[in-house]
Asks: 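Have a look at this one.
We name chains A, B, ... by the order of the sequence lines, and we start the count at 1 in each one.
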Protein chains: 2
Amino acid sequence: MAQNELAHALEILKSHKVRLTPQRKTILNYLITHHTHPSAEMIYEDLKQHDDSISIATVYNTVRLLVDYHLVIELKNGDGSTHFDYFGQPHYHIVCENCGKIADVFAPEFSRLNQQLDEITRQQTHYLVNRTDIEVKGLCPECQAKLGLLHNR
Amino acid sequence: MAQNELAHALEILKSHKVRLTPQRKTILNYLITHHTHPSAEMIYEDLKQHDDSISIATVYNTVRLLVDYHLVIELKNGDGSTHFDYFGQPHYHIVCENCGKIADVFAPEFSRLNQQLDEITRQQTHYLVNRTDIEVKGLCPECQAKLGLLHNR
DNA sequence: TTGAGTGCAAACTCTTTGCAGGCCC
DNA sequence: GGGCCTGCAAAGAGTTTGCACTCAA
């Protein structure tokens, strides 16, 4: 499954004549197999553990490349850094405003909803729409408990 | 209109026992009357022109305060800095991926759509939902023309 | 072979912080 | 009058850049 995903993503890059270096494959594979919304720093630290030696500059270069090809999306969770998420299946994100934890939300209505937004946006602004990112903000279950808010559910 | 808006916003702050300093009023008023999605730096530069002397630190402090009280929302347009927008009427944003220009989109369906998202998100993640931000990315009319893409409309 | 990619470290930009003095409530 | 807010400058964090070397195609 993840292997197919990786092959598929590599195919897309190859079709755009992007050079497939070991570093790029490693980072792409990391993002496909880790749905933890890591920052560049986290990717770097994790990959350093294994014998994959990769510099932080290459991590930044590569994630930007992957974002440009719409394979990965950027997320901000309020901690100052940018987090990344492989975007294989359409989904959106909810960010905990207290601890910054990010969760994925897969909604069947998502694509229909996106189409609606595209339509409205294009009519109203004449912008050419490429993609829509939805970000919900709230409190994760842990932080609700921590803050004594569970009775509010 | 803008005066009512300002009075309304100040009322909200006052009800939370927030100290209403001249700087805070000035910045809030600036954001209510300028729907240009400025960065902290832009607000600072603009206010420096007039005799309002305000430090950049105060601009950062104040916009964060306003974001905390949900009077203002933060936007990223890819230029590295954070932009701010007074959030009087519910709306969302489209960002030009080429030049970074941000436009507002007011959709009547927006609040219904938000409710749907809240529902789905809460059921799926058990997060307590506070707010939903939608950000559409695309190309503004000017950049479409500049890039010779108008025939794609 | 060759030019794009990598690694390193320094530089840069945006934002935050510490502290002394000022002023809103 | 008390304590939060402001202004200044310096520090901090995250990200980008310049350059020499490497390697995928």
Asks: Taking only side-chain nitrogens and oxygens of A/R64, does any of them come within less than 4.0 Å of OP1 or OP2 of D/dT15?
Replies: no
Asks: What verdict does the side chain to side chain donor-acceptor pair (under 3.5 Å) test give for B/T33 and B/Y86, after you've listed the backbone C-alpha separation in whole Å, the side-chain angles of each residue and the deciding distance to 0.1 Å?
Replies: CA-CA 9 Å; B/T33 54; B/Y86 179 71; over 6 Å; no
Asks: Of the nucleotides D/dC8, D/dT16, C/dT15, which has the atom closest to the B/A57 side chain?
Replies: D/dC8
Asks: Is the closest basic N to carboxylate O distance between B/E135 and B/K76 below 4.0 Å?
Replies: no
Asks: For A/S39, which contact category applies under a 4.0 Å heavy-atom criterion: base, sugar-phosphate, or nothing?
Replies: nothing
Asks: Return no unless some side-chain N or O of B/T58 is found under 4.0 Å from OP1 or OP2 of D/dC5.
Replies: no
Asks: NA contact type, B/I56, heavy-atom cut-off 4.0 Å: base, sugar-phosphate, or nothing?
Replies: nothing
Asks: Nearest to the side chain of A/S53 - C/dG7, C/dT16, C/dT15?
Replies: C/dG7
Asks: When you check the phosphate oxygens OP1 and OP2 of C/dT6, does a side-chain N or O of A/T21 lie under 4.0 Å from one of them?
Replies: yes
Asks: Which nucleotide sits closest to the side chain of B/L20: C/dT15, D/dT17, C/dC25?
Replies: C/dC25
Asks: Between B/K76 and B/V18, which is nearer to the 5' end of DNA chain C once each is assigned its nearest nucleotide?
Replies: B/K76
Asks: Any Lys/Arg nitrogen of B/E109 or B/R112 sitting under 4.0 Å from an Asp/Glu carboxylate oxygen of the other?
Replies: no
Asks: Starting at the 5' end of DNA chain C and moving along, which residue's nearest nucleotide shows up first, B/P22 or B/T82?
Replies: B/T82
Asks: Are a donor atom and an acceptor atom from the side chains of A/H93 and A/H91 found within less than 3.5 Å of each other?
Replies: yes
Asks: A/Y60 side chain N/O closer than 4.0 Å to the phosphate oxygens (OP1, OP2) of D/dT15?
Replies: yes
Asks: In terms of side-chain heavy atoms of A/Q23, which of C/dT6, D/dG2, D/dA25 is nearest?
Replies: C/dT6
Asks: Write down the distance between CZ (A/R19) and C1' (D/dT22), rounded to a whole number of angstrom.
Replies: 10 Å
